[in-house]
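In what follows, a single structure is set out as structure tokens and then discussed.
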There are 2 protein chains.
Amino acid sequence: MPESHRPDIRKLDLFSEMSDENFQSLMHASYLQTFPPQIELITEGDSSDFLHVVVDGSVELFARWNNRETSVAIVRPISTFILAATLRDAPNLMSARTLEKSRIVLIPSEDVRRIFDEDNNFARAIVCELASGYRASIKKTKDLKLRTSLERLANYLLRQQIREGGGPEFQLQTEKKRLASYLNMTPENLSRAFKSLKPYGVEVDGSKITISNQSDLEKFARPSPLIDDKKV
Amino acid sequence: MPESHRPDIRKLDLFSEMSDENFQSLMHASYLQTFPPQIELITEGDSSDFLHVVVDGSVELFARWNNRETSVAIVRPISTFILAATLRDAPNLMSARTLEKSRIVLIPSEDVRRIFDEDNNFARAIVCELASGYRASIKKTKDLKLRTSLERLANYLLRQQIREGGGPEFQLQTEKKRLASYLNMTPENLSRAFKSLKPYGVEVDGSKITISNQSDLEKFARPSPLIDDKKV
DNA sequence: TGCAGTGATTGATAAATGTCAAACTCTCGT
DNA sequence: ACGAGAGTTTGACATTTATCAATCACTGCA
């Protein structure tokens with residue numbers, strides 16, 4: 001793999017504390033590949049041959065069952081995905097597709113597992129990463145089970161607002177179709193849900209959102225650190 | 001902590017590979033406590049002072065938001081819970097209550113983290129445990145997002161059937177009220193869902209379930225290893 | 001520039017799920 | 001044995017969410 005992205009990858013919590021030697025060994029075994037949009041990188045059920053690192057573009061993780069499909073996460077640079085399957089040498093539980101032209105580093109799972117065995121700092125970092133991912137997944141379950149779709153949307157908007165800097169105006173970084181699937185609703189319903197949030201001060205213009213009444217929206221959404229906070 | 005349960009705890013994947021010395025040290029620092037039914041052991045948001053091990057009885061993990069409550073898991077002997085919060089020294093995301101009189105080993109989180117730092121075998125075991133938990137949580141998300149409540153119930157019954165030995169007759173090990181919450185439905189709806197499954201060969205008598213037409217139920221439920229299998 | 005294809009919205013309707021009230025059942029302790 | 005209280009079931013009804021069909025809006029390409 002060429003060296004250009006190594007410093008950025010090295011900065012990830014997952015890789016920042018491991019020995020130089022082991023990091024270089026991991027990178028040496030990896031491939032950097034560029035994929036066009038809409039390529040299915042992984043199909044659920046496949047064995048997990050590579051730990052993936054998105055260095056450019058974006059990747060959707062989704063799942064299928066019985067002819068239905070749902071969006072589980074959207075991965076943006078720079079982050080890894082499919083770590084748990086890699087470590088357990090188990091089949092991937094989710095499929096992955098590029099949303100746009102994307103550059104992905106593929107680290108062979110064997111090497112990840114080998115260096116996990118050798119490098120204690122790497123093993124510790126993996127524990128942190130897994131614990132975070134696990135907790136994020138629990139939060140998602142709480143969001144799904146405890147909130148109506150309208151409440152999920154309202155809280156999503158507040159989270160997205162923070163990610164985008166906290167101002168009253170920001171962009172949805174996702175097609176509404178995909179956002180609907182992520183929030184477990186139909187596109188039609190999402191469209192209606194946006195209208196239902198208008199009385200609470202949510203204005204929608206294409207993918208531009210304006211929160212014209214922050215406190216009203218927050219009073220409706222009731223965000224909780226135990227569901228919505230990135231940290232914690 | 002008295003010694004009687006140590007061999008059983010030692011056999012857990014999480015503890016089986018660590019050094020004797022470190023295991024004894026963990027146990028030495030722990031408490032074995034007996035709790036009456038319906039005691040709230042943990043309230044979400046609390047800091048995670050102890051890793052819990054259920055050695056007898058059963059514990060429900062649940063979450064609250066906005067005056068609503070949902071059942072997330074039921075933990076039966078011998079298993080641990082709240083591992084991710086313990087490791088990250090982060091607040092618990094779920095509350096926990098005893099369902100019946102239960103005996104719980106409380107291992108101070110500090111000691112878990114200390115020995116995690118010292119004992120590489122323990123660290124590896126923790127990675128496996130976290131990866132499994134993470135994957136189980138992803139499966140739960142897929143179950144929730146891709147299936148209707150009727151399909152969730154049908155698949156739950158098939159899973160429970162396997163846990164109980166695989167025969168056509170088995171017991172629900174949970175109150176229906178709690179099962180309803182676990183499956184994200186109301187008790188009224190669960191009651192009706194059981195009736196809707198009758199044409200597929202599901203007979204209900206109190207907490208005794210009889211699957212009188214295995215293949216019809218399976219054809220309806222369409223269980224998937226990537227959602228329903230314990231291993232994988 | 002215009003056209004095809006996809007995404008987004010809207011309205012009408014259907015299906016799924018929740019709520020409320022009442023009746024019934026079971027368990028447990030007196 | 002009895003009664004209180006919780007769990008369960010049932011029916012009637014309300015709300016939420018999905019589906020279907022049509023239209024509109026946007027994008028990219030010939």
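Naming: A, B, ... by sequence-line order, numbering from 1 per chain. If you're wondering where the values come from, they're calculated on a predicted model, not measured in any experiment.
Put simply, CG on A/Leu153 is 11 Å from P on D/dT17, counting in whole angstrom units. One can place CG of B/Asn67 at 15 Å from C1' of C/dT19, the figure rounded to the nearest angstrom. Rounded to an integer number of Å, the gap from A/Asp205 CG to C/dG7 P is 20 Å. Note: NZ (A/Lys176) to P (D/dT27) measures 12 Å, nearest angstrom. With rounding to whole Å, A/Asn184 atom CG is found 11 Å from D/dA18 atom C1'. Whole-Å rounding puts the B/Arg192 CZ to C/dT17 P distance at 12 Å. The CG-P distance, from B/Leu150 to D/dT17, rounds to 19 Å in whole Å. For B/Arg147 and C/dT17, the CZ to P distance is 14 Å, given to the nearest whole Å.
Within 4.0 Å of A/Glu175, counting heavy atoms only, lie sugar-phosphate atoms of the nucleic acid but no base atom.
Not one side-chain nitrogen or oxygen of B/Asn189 sits closer than 4.0 Å to the OP1 or OP2 atom of C/dT17. Between A/Lys177 and the phosphate of C/dG7, there is a side-chain N or O to OP1/OP2 separation shorter than 4.0 Å. Between B/Ser149 and C/dT17, a side-chain N or O to OP1/OP2 separation shorter than 4.0 Å is present. In this model, the phosphate group of C/dA16 is not approached by any side-chain N or O of B/Thr148 to a distance below 4.0 Å at OP1 or OP2.
Paired with B/Phe81 under the rule side-chain contact (heavy atoms from CB on, under 4.5 Å), one option of B/Asn92, B/Thr86, B/Val59 passes, and it is B/Val59.
Ranking C/dT19, D/dT9, C/dT10 by closeness to the A/Ser191 side chain, first place goes to C/dT10. In this structure, of D/dA18, C/dT9, D/dT10, it is C/dT9 that holds the atom nearest to the side chain of A/Glu188. Closest approach to the A/Met185 side chain among D/dA18, C/dG18, D/dT8 is made by D/dA18 (side chain taken as heavy atoms from C-beta onward).
Residues B/Phe194 and B/Leu153 meet the side-chain proximity criterion, which asks for heavy atoms closer than 4.5 Å.
Checked by distance alone, B/Arg178 brings no side-chain donor or acceptor within 3.5 Å of a matching partner on the base of D/dG7.
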Under the side-chain contact (heavy atoms from CB on, under 4.5 Å) criterion, do A/Gln33 and A/Leu106 qualify, and how do the steps go? CA-CA 8 Å; A/Gln33 290 204 18; A/Leu106 303 164; 4.1 Å; yes
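We find that A/Arg97 and A/Glu60 are joined by a salt bridge, their nearest charged nitrogen and carboxylate oxygen being less than 4.0 Å apart. Taking 4.0 Å as the cut-off between side-chain N and carboxylate O, A/Asp228 and A/Arg147 count as a salt-bridged pair.
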